Amino acid sequence: MGNREQVEQRVIVALDVPDEQSAIALIDQLPQVSFWKVGLELFTSTGPKILEVLKSRQKRIFLDLKFDDIPNTVAGACRSAARYGVDLLTIHATAGRDALKAATEAAQEGAIKAGVEPPKLIAITLLTSISARQLAFDLKIPLELPEYALEMALLAQESGLDGVVCSPQEVAQLRQTCGNDFLLVCPGVRPTWADIGDQKRSLTPAQAIIAGADYLVIGRPITAATEPELAWKRISEELTTVA
Ligand SMILES: O=C(O)c1cc(=O)[nH]c(=O)n1[C@@H]1O[C@H](COP(=O)(O)O)[C@@H](O)[C@H]1O
């Protein structure tokens with residue numbers, strides 16, 4: 001496998017579209033994409049049907065439902081989601097230690113019962129749409145943002161999770177503290193030519209990989225581009241220079 005193919009496998013494209021038809025159109029338009037993220041918009045619209053579509057095309061799946069509830073409820077949700085045989089699944093670190101532990105155990109149980117590989121359960125540290133100012137003034141968190149993100153990552157690691165979702169701006173620090181076996185997945189990635197949109201703590205694809213991300217999650221710079229294939233190619237070429 002060449003460098004290019006290897007690095008392309010580290011890009012997860014966010015399938016943030018409203019229905020199955022638009023999702024299938026994008027999946028088929030971008031055959032080189034091997035890893036897709038199904039999030040709240042698409043899953044609420046199609047339910048698990050879209051997961052079957054992706055599996056029938058041998059794609060890897062990040063099911064990003066960002067569970068955040070009491071331990072019993074998140075455990076039930078993770079047990080159910082794990083049965084789909086997806087590769088990655090998300091929960092918010094703010095659900096707390098008991099919920100994170102219960103979710104980890106339940107995801108294993110659900111997968112074993114269904115006879116599929118358990119998903120890697122990863123926790124959201126702090127949404128990449130939140131700035132340091134918003135963390136302090138709106139959320140009233142009295143910690144510096146990098147320290148808060150690190151605390152959430154350590155909470156996830158201590159609770160037995162496989163990794164976290166973090167902004168590329170925090171990934172170097174998290175890699176150093178959490179080690180190489182902890183999965184670091186970075187959304188909030190923006191090539192220099194793309195709109196920043198609602199993302200607040202962004203880096204370019206090359207910078208995010210250099211900083212230590214295992215996977216990049218990229219949505220609108222590709223999916224909302226006039227020519228998604230060209231956007232994908234530009235990102236892939238950028239990454240090949242650092243891989
Ligand atoms: O869990 C995520 O994937 C996620 C966490 C986070 O902190 N920030 C974030 O943007 N995401 C997701 O990553 C994707 C980013 O999409 P774009 O901003 O269009 O590249 C979206 O599907 C978000 O739901």
Side-chain angles (χ1 to χ4, degrees), residues 10-18 22-23 26-27 30 33 35-46 50 54 60-68 74 77-78 81 86-95 100 103 119-132 134-135 139 141 145-146 148-150 152-153 156 161-171 174 183-209 213-226 228 231-232 234-235 238-239:
R10 291 168 69 182
V11 181
I12 304 173
V13 180
L15 209 38
D16 292 329
V17 291
S22 331
L26 262 175
I27 298 163
L30 294 166
V33 177
F35 210 154
W36 289 94
K37 182 171 86 78
V38 174
L40 292 170
E41 181 181 4
L42 185 58
F43 196 79
T44 304
S45 166
T46 67
I50 188 64
L54 287 163
R60 286 187 291 165
I61 304 171
F62 174 5
L63 183 57
D64 177 28
L65 299 181
K66 294 194 177 66
F67 298 132
D68 195 358
V74 288
C78 286
V86 295
D87 299 273
L88 295 176
L89 184 65
T90 44
I91 179 170
H92 275 283
T94 49
L100 293 172
K120 301 260 185 238
L121 186 63
I122 57 177
I124 314 298
T125 48
L126 177 68
L127 289 171
T128 54
S129 54
I130 304 285
S131 65
Q134 287 167 332
L135 184 73
L139 305 186
I141 304 286
L145 192 150
Y148 178 73
L150 180 60
M152 293 299 104
L161 271 76
D162 298 292
V164 291
V165 177
C166 63
S167 115
Q169 294 187 8
E170 290 108 50
V171 74
L174 265 53
L183 210 53
L184 299 177
V185 177
C186 289
V189 174
R190 286 291 180 269
T192 50
W193 44 265
D195 276 350
I196 187 96
D198 48 5
Q199 298 290 355
K200 298 277 165 49
R201 309 194 317 281
S202 178
L203 288 183
T204 66
Q207 287 169 335
I209 288 287
D214 291 301
Y215 290 101
L216 309 182
V217 177
I218 308 181
R220 289 161 291 181
I222 298 169
T223 58
T226 328
W232 168 263
R234 289 177 79 179
I235 289 171
E238 172 177 337
L239 289 175

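Given the structure is predicted, the values throughout are model-derived calculations rather than measurements. One is the number of the first residue; the rest follow in order along the sequence. Order of listing sets the numbers, starting from 1, for every ligand and every atom in it.
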By number and element, which atoms of ligand 1 are closer than 4.0 Å to a non-hydrogen atom of [X]?
X	result
Asp16	21 (C), 22 (O)
Pro221	20 (O)
Ile124	1 (O)
Arg220	17 (P), 18 (O), 19 (O), 20 (O)
Val217	13 (O), 14 (C)
Arg190	17 (P), 18 (O), 19 (O), 20 (O)

- Message: Side chains of Val33 and Trp232, heavy atoms from C-beta outward: is any pair under 4.5 Å?
- Response: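 Yes, close enough: below the 4.5 Å cut-off.
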- Message: Can you tell me if Gly39 contacts ligand 1 (heavy atom of the residue under 4.0 Å from the ligand)?
- Response: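 Checking ligand 1 against Gly39, which is what was asked, there is no heavy-atom contact under 4.0 Å.
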Considering only the protein, which heavy-atom contact is closest to [atom], and what is its distance?
atom	value
atom 2 (C) of ligand 1	Lys66 NZ, 3.2 Å
atom 13 (O) of ligand 1	Pro187 CB, 3.4 Å
atom 7 (O) of ligand 1	Thr128 N, 2.9 Å
atom 3 (O) of ligand 1	Asp64 OD2, 3.3 Å

- At their closest point, which heavy atom of Val171 faces which heavy atom of Ala208, and how far apart are they? CG1-O, 4.1 Å
- Hey, is the main chain of Ile122 close enough, under 3.5 Å, to the side chain of Thr90 for a donor-acceptor pair?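 Pair absent, no side-chain N/O of Thr90 close to backbone of Ile122.
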- Does Tyr215 have its ring centroid less than 6.0 Å away from the ring centroid of Phe35?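 For Tyr215 and Phe35, the ring centres are under 6.0 Å apart.
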- Interatomic distance, Lys120 atom NZ to Leu161 atom CG [nearest 0.5 angstrom]: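 Those atoms lie 11.5 Å apart.
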- Item | side chain to side chain donor-acceptor pair (under 3.5 Å) partners of residues 184-198, not counting sequence neighbours, each pair once |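 Non-adjacent pairs meeting side chain to side chain donor-acceptor pair (under 3.5 Å): Asp198-Arg220.
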- Basic-acidic side-chain contact under 4.0 Å: Lys37, Asp64: yes
- Would you please say whether a donor-acceptor pair under 3.5 Å links the side chains of Ser167 and Glu170? yes
- Query: When you look at Ile235 and Ile222, which way does the side chain to side chain contact (heavy atoms under 4.5 Å, CB included) test go after all the steps?
  - Reply: CA-CA 9 Å; Ile235 289 171; Ile222 298 169; 3.6 Å; yes
- Query: Judging by distance only, is a nitrogen or oxygen of Gly219 under 3.5 angstrom from one on ligand 1?
  - Reply: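 Indeed, backbone or side chain, Gly219 has an N or O that close.
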- Message: Would Asp198 count as being in polar contact with ligand 1, using the rule that some N or O on each side must be under 3.5 angstrom apart?
- Response: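 No.
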- Nearest heavy atom to atom 24 (O) of ligand 1: which of Glu41, Gln199, Lys200, Lys37 does it belong to? Lys37
